[in-house]
Amino acid sequence: MTVIVSAAACSTKAPNGADGRSPQTAKIAFLMPDIASTRYELYDAPLFKAKVKDLCGGCEVLYQNAGGDAAKQQQQADSALAQGADVIVIDPVDSAAAASTVRTAQGRGVPVIAYDRPIPAVKADYYVSFDNEKIGSMIGTSLVEHLRATSAEGGLLQVNGSPTDAAAGLIKKGIHSAVDSSGFDLLAEYDTPAWEPGKAQSWVSGQISKFPGKIAGVVAANDGTGGGSIAAFKAAGARVPPVTGNDAELAAAQRIVKGDQYNTISKPIKTVAEAAATAAYAFAEGKKPRGDTTLFGTPSELFTPTVVTRENIAEVLVGDGKPLKTAEVCTATYAAACAEAGLT
């Protein structure tokens, strides 16, 4: 998918503007939300930096990770502006709190690209992400179809993401679209503070005690909360039911191969990171990306991911040219399971 840009300047610093820098020496802030999800450090940041370098050898990426702290992310944004950032790309810890970052930056003529998670309260200059509502629908539908195919009995637990993350809200909405009419009772649901796997584990542990032998499956909004859910069943000595995930993390791929986790979502992180870098550089040049849709009043690019189960993991996620290498997934612990899954 190609970013369409207009040559007309928007509310950004003009090329060769008052700061004396040309677009070829632009500073682009890339502010990620947390380390609970390993993808930001392992994939998003290095892929974004590489694309910026490819587009603009003299540009500088000001990278920071907030570690799940919204106040810290605000400080990082303020620091980036003080360092002369020409564009801010932000994946907000707290979507509501990030509105002040958008207002402050735009007030200084610095465009803001919302990355991965939207900022509904104000209009960012651009939004690059996955179709998060569709992700929720996809993982929920995949699980429901599997439970029906296996004649599973019982109800479902729904482990949502952070209540301060607007993207988590979209995933939650998508999950409900699949679960509410599935015929499986929703036993309970939980909004996981800061997406913390440990908090998801604690909550699921309580539900195992409350609904012994009655949990047919768990719809978890990402791999971290899915992993926490699985850990809860194992700690309780209970059978692990099918559990969903999202993000295609290495540990999740290993759990799928082993049979502990039912599915995950393989996101085109390289595509999204590069689209954000391309849009950021366009803004640095004084151009205005148009996107191909609009969400929360913001020009947007939304990419569709793929559901991964044990049946298609070799085709979609692991192997030559895939997001994960066979050697890193199929360590000695998982060698036999990998062979069964067709990964060796």
Side-chain angles (χ1 to χ4, degrees), residues 32-50 63 65 67-68 91 115-116 130 132 135 138-139 142-143 159 161-162 167-168 171 192 194-201 218-234 240 242-274 303 305-344:
M32 294 296 98
D34 60 64
I35 56 175
S37 296
T38 59
R39 50 166 284 207
Y40 300 114
E41 298 290 313
L42 294 178
Y43 303 110
D44 298 77
L47 289 167
F48 181 86
K49 291 176 183 177
Y63 175 62
N65 189 303
D91 190 337
Y115 181 86
D116 192 23
F130 315 99
N132 286 296
I135 285 173
M138 290 168 72
I139 60 175
S142 171
L143 178 67
V159 185
S162 171
I171 294 172
T192 310
W195 293 91
E196 286 289 343
K199 292 178 180 178
Q201 180 176 347
V218 179
V219 193
N222 78 340
D223 290 333
T225 55
S229 300
I230 291 166
F233 283 95
K234 290 192 171 186
V240 180
V243 177
T244 71
N246 164 32
D247 283 339
E249 294 183 352
L250 173 60
Q254 292 174 326
R255 289 193 296 266
I256 289 173
V257 167
K258 189 177 179 181
D260 287 337
Q261 183 169 320
Y262 177 64
N263 72 18
T264 188
I265 290 287
S266 179
K267 298 174 175 178
I269 293 178
K270 184 174 189 292
T271 302
V272 174
E274 291 184 349
F303 298 88
T306 304
V307 175
V308 178
T309 66
R310 200 165 188 265
E311 293 181 357
N312 70 345
I313 193 167
E315 175 187 351
V316 175
L317 186 60
V318 181
D320 292 341
K322 308 293 194 314
L324 296 176
K325 300 292 187 293
T326 303
E328 60 186 347
V329 174
C330 299
T331 59
T333 302
Y334 300 93
C338 279
E340 291 178 5
L343 293 179
T344 56

Chemist: Compare every heavy atom of V159 with every heavy atom of V218, then report the nearest pair and how far apart it is.
Modeler: CG1-CG2, 3.8 Å
Chemist: If you round to the nearest 0.5 Å, how far is CG of L324 from CG of L317?
Modeler: 4.5 Å
Chemist: Looking at P33, is its backbone amide N or carbonyl O close enough to the side chain of D91 to form a donor-acceptor pair, meaning the two atoms are under 3.5 Å apart?
Modeler: no
Chemist: Could you check if a side-chain atom of I265 sits within less than 4.5 angstrom of a side-chain atom of V307, using non-hydrogen atoms only?
Modeler: yes
Chemist: List the atom of A194, the atom of A36, and the distance in Å for their closest heavy-atom pair.
Modeler: O-CB, 4.5 Å
Chemist: Do L250 and T38 come close enough that some side-chain heavy atom pair is under 4.5 Å?
Modeler: no
Chemist: Just verifying a value: how many Å separate Y63 OH and F48 CZ, rounded to the nearest 0.5 Å?
Modeler: 11.0 Å
Chemist: Run the numbers on K322 and V316 for side chain to side chain contact (heavy atoms under 4.5 Å, CB included), then give the verdict.
Modeler: CA-CA 7 Å; K322 308 293 194 314; V316 175; over 6 Å; no
Chemist: Report the residues that fulfil salt bridge (Lys or Arg N to Asp or Glu O under 4.0 Å) with D44, sequence neighbours left out, ordered by chain and then residue number.
Modeler: R39
Chemist: Let me confirm one number: the CG-CD1 distance from D247 to I269, rounded to the nearest 0.5 Å.
Modeler: 6.5 Å
Chemist: Side chains of E249 and Y43: donor-acceptor distance under 3.5 Å anywhere?
Modeler: no
Chemist: Taking all non-hydrogen atoms of both residues, which atom of A273 and which atom of L47 are closest, and how far apart?
Modeler: CB-CB, 3.9 Å
Chemist: Identify the two heavy atoms, one from T344 and one from A339, that lie closest to each other, and give their separation to 0.1 Å.
Modeler: OG1-CA, 3.4 Å
Chemist: Roughly how far, to the nearest 0.5 Å, is the OG1 atom of T192 from the CG atom of N222?
Modeler: 8.0 Å
Chemist: Got a donor-acceptor contact below 3.5 angstrom from the E328 side chain to the K325 backbone?
Modeler: yes
Chemist: Measure the spacing between CG of L343 and CZ of R310 and express it to the nearest 0.5 Å.
Modeler: 8.5 Å
Chemist: Applying side chain to side chain contact (heavy atoms under 4.5 Å, CB included), run through F303 and K267 and close with a yes or a no.
Modeler: CA-CA 8 Å; F303 298 88; K267 298 174 175 178; over 6 Å; no
Chemist: Scan residues 253-266 for pairs that pass side chain to side chain donor-acceptor pair (under 3.5 Å), counting only residues two or more places apart or in two chains.
Modeler: S142-N263, D223-Q261, D223-T264, K234-D260, R255-Q261
Chemist: Treating T244 as the side-chain partner and A220 as the backbone partner, does any N or O pair qualify as donor plus acceptor under 3.5 Å?
Modeler: yes
Chemist: Give the minimum heavy-atom separation between G224 and P197, together with the two atoms involved.
Modeler: O-CB, 3.3 Å
Chemist: Is there side-chain contact between E41 and M32, with at least one heavy-atom pair below 4.5 Å?
Modeler: no
Chemist: Does atom CD1 of I35 have more than 12 heavy-atom neighbours from other groups under 6.0 Å away?
Modeler: no
Chemist: I need the L143 CG to T309 OG1 distance, nearest 0.5 Å.
Modeler: 11.5 Å
Chemist: Using every non-hydrogen atom in the two residues, find where G161 and A221 come nearest and quote the distance to one decimal.
Modeler: N-CB, 3.8 Å
Chemist: Tell me, do D116 and V272 make a side-chain contact under 4.5 Å, heavy atoms counted?
Modeler: no
Chemist: My understanding is that only residues two or more places apart in sequence, or in another chain, count here; which of them pass ring-ring contact (aromatic ring centres under 6.0 Å, His included) with F130?
Modeler: none
